[in-house]
Amino acid sequence: MSSIEKDGVNRLVVLPFAKSVEISFKSIRVRFFRSLITTITLVLAVSFLSFVNVGTDIADGLLATGDINLRQALIRAGYDLEAQDTAVGSSPKQRWIIILSLLVCAVGIINAQLMAVTERFREIGTMKCLGALDRFVLRLFVLEAAMQGLAGASIGAVAGGFFSLVNALLSFGTVAVAALSWSDVALSVLYATLVGILLSLAGVLYPAIVAAKMQPVEAMRVEQ
Amino acid sequence: MSNTHNIVRVSDVTKKFQLGKVAVEALKGINLEIAAGNYISIMGPSGSGKSTLFNMIGGLDKPTSGKVFIDEVDIAQLDAYELAWLRCRKIGYIFQTFNLIQVMTALENVTLPMTFAGMGNDAAVKKGIQLLDLVGLGDRFRHKPSELSGGQQQRVAVARALANDPSIILADEPTGNLDLSTGEEIIALLKELSRERSVTVISATHDFKMLNVSDQVVWIRDGRVDKIEDRDELSISLGKIGTKE
């Protein structure tokens with residue numbers, strides 16, 4: 001921190017990272033409901049991804065027991081298993097549904113973030129008049145998205161995994177949990193979280209660039 | 001080529017806007033020199049090009065042709081970083097609509113430009129409170145803009161404009177959204193600051209209350225400088241003001 005506050009560098013405008021985080025965090029807190037809507041889109045999509053992936057992990061665990069009854073139960077539950085299959089794997093249909101749900105989620109996030117940028121034209125313009133650089137504005141929006149992404153994606157991933165487990169317990173009984181590889185579940189949840197954060201960042205990129213490139217005078221011209 | 005230091009020099013500035021297929025010439029060749037430390041009012045009816053000229057001086061917009069110098073630096077030559085630095089350190093802006101950042105408290109609004117200027121947090125908070133004291137809001141620094149009246153918000157904006165001890169304060173219709181007495185308070189505050197801190201105040205306005213405190217009035221009409229009057233000449237033409245609008 002102290003290196004930033006050195007007086008030696010002249011003609012420089014700065015926004016320390018810690019301060020950016022503080023501003024972004026406050027911004028989310030103040031606009032809690034708007035942030036919540038963006039975040040909920042993400043929670044739903046990520047929890048679906050996590051639900052499906054953890055479900056696959058559970059099925060793999062059941063299959064690994066080699067129990068023929070469990071194999072029949074899996075087929076009854078809707079898994080397409082050939083005689084020689086030792087892992088469930090994801091079907092093309094499943095992959096498409098997941099990709100579609102993530103796509104819809106990304107569009108939703110872009111939409112919500114564009115609205116947020118429009119709402120904040122004046123704020124962005126004011127910041128620029130006070131000496132903010134394009135990248136300060138970009139950084140603030142990306143940080144906000146990262147925080148929303150982290151919160152939404154981890155809640156979604158854990159919730160999806162949890163419901164998948166409950167679902168398995170109800171369908172197959174306790175053996176579903178007993179046969180389960182917990183490290184696989186952890187990986188699936190982590191994977192879903194990462195995908196969610198990436199989605200959130202990808203969704204904010206275009207709106208944030210629009211905001212950052214804006215000329216202050218344009219921002220001021222907007223009627224309130 | 002006068003002896004006084006010109007803080008702002010505008011030379012043959014024109015500005016064209018493309019409105020659909022029609023090109024509108026908002027400024028048709030403006031020449032203007034503003035001496036440091038003065039209180040200048042740019043007067044003119046709406047649509048006269050007053051706001052456009054004002055944005056040029058503030059480095060918020062670029063002229064179609066001609067040059068704007070701030071402290072004898074051609075601002076067209078500055079890159080994005082230097083321009084940001086200029087906005088941050090040299091110029092303080094005050095707007096008609098206050099333009100405080102709604103999600104921040106009064107104090108945070110005032111300290112933000114100091115953060116951009118690289119000032120440490122403690123020093124910024126200390127100076128921020130001093131500035132809010134100066135504009136008479138020392139006890140309300142924790143309030144959000146929505147919890148303040150229009151006049152109080154404009155006071156916060158004045159404090160924010162002073163944050164980095166700028167040499168120029170640009171005020172665009174600073175009293176436009178205020179009632180008569182609050183407007184007068186803000187004008188008095190600006191005048192006092194201009195005198196005590198020898199800041200050049202340039203304000204675009206059609207508020208005639210401004211005339212009393214101005215050292216110089218620049219009348220803009222139809223994209224050109226109509227006339228420039230010094231303070232002592234003003235009283236003579238004051239009688240005609242009513243017919244001007």
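Proteins come first, then strands; the chains are lettered A, B, ... in the order of their sequence lines, and each starts at number 1.
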If you apply the rule side chain to side chain contact (heavy atoms under 4.5 Å, CB included), what do you find for B/Gln102 with A/Val30, and how did you get there? CA-CA 9 Å; B/Gln102 296 295 320; A/Val30 169; over 6 Å; no
Given the rule in the side chain to side chain contact (heavy atoms under 4.5 Å, CB included) test, do B/Thr105 and A/Lys26 qualify, once you have shown the distances and angles that lead to the verdict? CA-CA 11 Å; B/Thr105 63; A/Lys26 276 186 187 153; over 6 Å; no
Trace of the side chain to side chain contact (heavy atoms under 4.5 Å, CB included) decision for A/Arg122 with B/Thr97: CA-CA 10 Å; A/Arg122 195 168 276 270; B/Thr97 47; 2.7 Å; yes
Under the side chain to side chain contact (heavy atoms under 4.5 Å, CB included) rule, what do B/Phe116 and A/Val14 come out as? Steps first, then yes or no, please. CA-CA 5 Å; B/Phe116 288 159; A/Val14 294; over 6 Å; no
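Other residues, nucleotides and ligands contribute more than 12 heavy atoms inside 6.0 Å of the OH atom of A/Tyr79. By the neighbour-count criterion of 12 heavy atoms within 6.0 Å, atom NZ of B/Lys28 is densely surrounded, having more than that number from other residues, nucleotides or ligands. With a 6.0 Å radius and a threshold of 12 heavy atoms from other residues, nucleotides or ligands, B/Phe69 has its CZ atom above the threshold. By the neighbour-count criterion of 12 heavy atoms within 6.0 Å, atom NZ of B/Lys62 is sparsely surrounded, having that number or fewer from other residues, nucleotides or ligands.
Only the side chain of A/Arg31 comes within contact range of chain B, with at least one heavy atom under 4.5 Å from a heavy atom of that chain.
Closest of all the heavy-atom pairs between A/Gly131 and B/Cys88 is CA-CB, 3.8 Å. B/Tyr93 approaches A/Cys129 most closely through the heavy-atom pair CE1-O, 3.1 Å.
Side chains of A/Gln215 and B/Leu60 form no contact here, defined as non-hydrogen atoms less than 4.5 Å apart. Residues B/Leu112 and A/Ile23 are in side-chain contact: their nearest non-hydrogen atoms beyond the backbone lie under 4.5 Å apart. Between B/Arg160 and A/Thr126, some side-chain heavy-atom pair lies under the 4.5 Å cut-off.
Note that CD1 of B/Ile101 is 10.0 Å distant from CD1 of A/Ile124, once rounded to the nearest 0.5 Å. Put simply, CZ on B/Arg87 and CG on A/Leu133 are 9.5 Å apart, with the number rounded to the nearest 0.5 Å. Taking CG of A/Asp134 as the reference point, atom OH of B/Tyr81 lies at 9.0 Å (rounded to 0.5 Å).
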